[in-house]
A.B. asks: 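Sharing a structure, written as structure tokens. Questions coming.
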Amino acid sequence: MDFDTVFKTEERFKQGLPDPASMGGWTPQDASARVEEEPESAGQCAADTDWECARIARGKAKFEAVGEEALFEITAFADKKAAQDACRKEKTGSAKYTKAQVPPVSGVESHAYYRNVGSENGLYLTMCLGTVIAEVTLAGPNSTLDPATAHSLAQVFVPRIQKAAAAS
């Protein structure tokens, strides 16, 4: 999956994030988008800095079902090269965590891992798509951290991102 569309408006994020109608059985909790006023350029980000350093915007939507939380995030970059660099940094940084066996979404570079944040375990699925990095996170006190659930949610998320990228 490859596209040059830059996600830099709240409307583009709304189009790319799952909506309640596409999330049968999941209750929406919150959603937001934020465009950076003065983003760092990829050149300003040192090789060892946080993968999100060069982001130009970010959007997220959170849903809940039976004590399990699903968080969808889109982190946008100015171009494909900056997104690819960020994806590589994120993958390198997450290599220390336990790999999760989440089936891939067709045509999308992705990796998944389990991670404990505070007192909560989570399953993180990261997908690199054109000028964005898309993440699906499963967490919550009753979460099963099921790779099949992460995969099915990604199957909802990816087409919405594709559609948003294609919109003019």
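Note that the numbering runs from 1 along the sequence shown for the chain. This structure is a prediction, so every number in the text was calculated from the model and none was measured.
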A.B. asks: Got Asp4 and Lys80 here, is their nearest side-chain heavy-atom distance under 4.5 Å?
C.D. replies: yes
A.B. asks: With a 4.5 Å heavy-atom cut-off, do Phe72 and Thr137 have their side chains touching?
C.D. replies: no
A.B. asks: Can you find a heavy atom in the side chain of Val105 that is under 4.5 Å from one in the side chain of Phe157?
C.D. replies: no
A.B. asks: Applying the 4.5 Å side-chain criterion to the ILVMFWY set and letting contacts propagate, would Leu123 and Trp26 be lumped into a single cluster?
C.D. replies: yes
A.B. asks: Which heavy atom in Ala70 sits nearest to a heavy atom in Leu138, and how many Å separate them?
C.D. replies: CB-CD2, 4.1 Å
A.B. asks: Would a 4.5 Å heavy-atom cut-off, applied to side chains only, mark Glu36 and Arg55 as touching?
C.D. replies: yes
A.B. asks: Grab the two heavy atoms, one from Ala61 and one from Pro18, that are nearest each other, plus how far apart they are.
C.D. replies: CB-O, 4.4 Å
A.B. asks: Keeping the roles fixed (side chain from Thr131, backbone from Thr5), state whether a donor-acceptor pair exists under 3.5 Å.
C.D. replies: yes
A.B. asks: Measuring from atom CD of Glu10 to atom CG of Leu17, what distance do you get when rounded to the nearest 0.5 angstrom?
C.D. replies: 11.0 Å
A.B. asks: Dump the intermediate steps for side-chain contact (heavy atoms from CB on, under 4.5 Å) on Phe7 and Thr75, then the final yes or no.
C.D. replies: CA-CA 9 Å; Phe7 282 57; Thr75 303; over 6 Å; no
A.B. asks: Is it true that Val158 and Leu153 fall in one hydrophobic cluster, defined by side-chain heavy atoms closer than 4.5 Å?
C.D. replies: yes
A.B. asks: Can Val156 be reached from Val108 by stepping across I, L, V, M, F, W or Y side chains whose heavy atoms are under 4.5 Å apart?
C.D. replies: yes
A.B. asks: Between Leu125 and Ala154, which heavy-atom pair has the shortest distance, and what is it?
C.D. replies: CD2-CB, 3.6 Å
A.B. asks: How close do Gly16 and Ala164 get, heavy atom to heavy atom, and via which atoms?
C.D. replies: N-CB, 3.6 Å
A.B. asks: Return yes if some donor-acceptor pair links the side-chain N/O of His151 with the main-chain N/O of Val102 below 3.5 Å, else return no.
C.D. replies: no
A.B. asks: Mark yes or no for whether Asp79, through its side chain, and Ala82, through its backbone, hold a donor-acceptor pair below 3.5 Å.
C.D. replies: yes
A.B. asks: Would you check, one step at a time, whether the test side-chain hydrogen bond (donor to acceptor under 3.5 Å, both in side chains) holds for Tyr97 with Arg115?
C.D. replies: CA-CA 6 Å; Tyr97 301 111; Arg115 180 176 164 198; 3.2 Å; yes
A.B. asks: Might you point out which heavy atoms bring Val136 and Ala150 nearest each other, and give the distance in Å?
C.D. replies: CG1-O, 4.4 Å
A.B. asks: To the nearest 0.5 Å, tell me how far Ile133 CD1 sits from Ser110 OG.
C.D. replies: 12.5 Å
A.B. asks: Between Leu145 and Glu68, what is the shortest heavy-atom contact and its length?
C.D. replies: N-OE2, 3.7 Å
A.B. asks: Using a strict threshold of under 4.0 Å (side-chain N to carboxylate O), is an ion pair present between Asp19 and Arg160?
C.D. replies: yes
A.B. asks: Rounded to the nearest 0.5 Å, what separation is found between the CD atom of Glu69 and the CD atom of Gln29?
C.D. replies: 7.5 Å
A.B. asks: Do the side chains of Asn121 and Ser143 get nearer than 4.5 Å, heavy atoms only?
C.D. replies: no
A.B. asks: Quick check for you: to the nearest 0.5 Å, what is the distance between Phe77 atom CZ and Ile56 atom CD1?
C.D. replies: 9.0 Å
A.B. asks: Any side-chain heavy atom of His111 within less than 4.5 Å of one from Glu90?
C.D. replies: yes
A.B. asks: Is Lys89 paired with Asp85 through a side-chain N to carboxylate O contact shorter than 4.0 Å?
C.D. replies: no
A.B. asks: With a 3.5 Å distance limit and no angle check, can you tell me whether Arg12 reaches the backbone of Ala167 through a side-chain donor-acceptor pair?
C.D. replies: yes
A.B. asks: Side chains of Leu71 and Phe63, heavy atoms from C-beta outward: is any pair under 4.5 Å?
C.D. replies: no
A.B. asks: Are Gln84 and Cys128 close enough that some pair of their side-chain heavy atoms sits under 4.5 Å apart?
C.D. replies: no
A.B. asks: Does this structure show an ion pair linking Arg58 with Glu135, if we count only N-O contacts that are shorter than 4.0 Å?
C.D. replies: yes
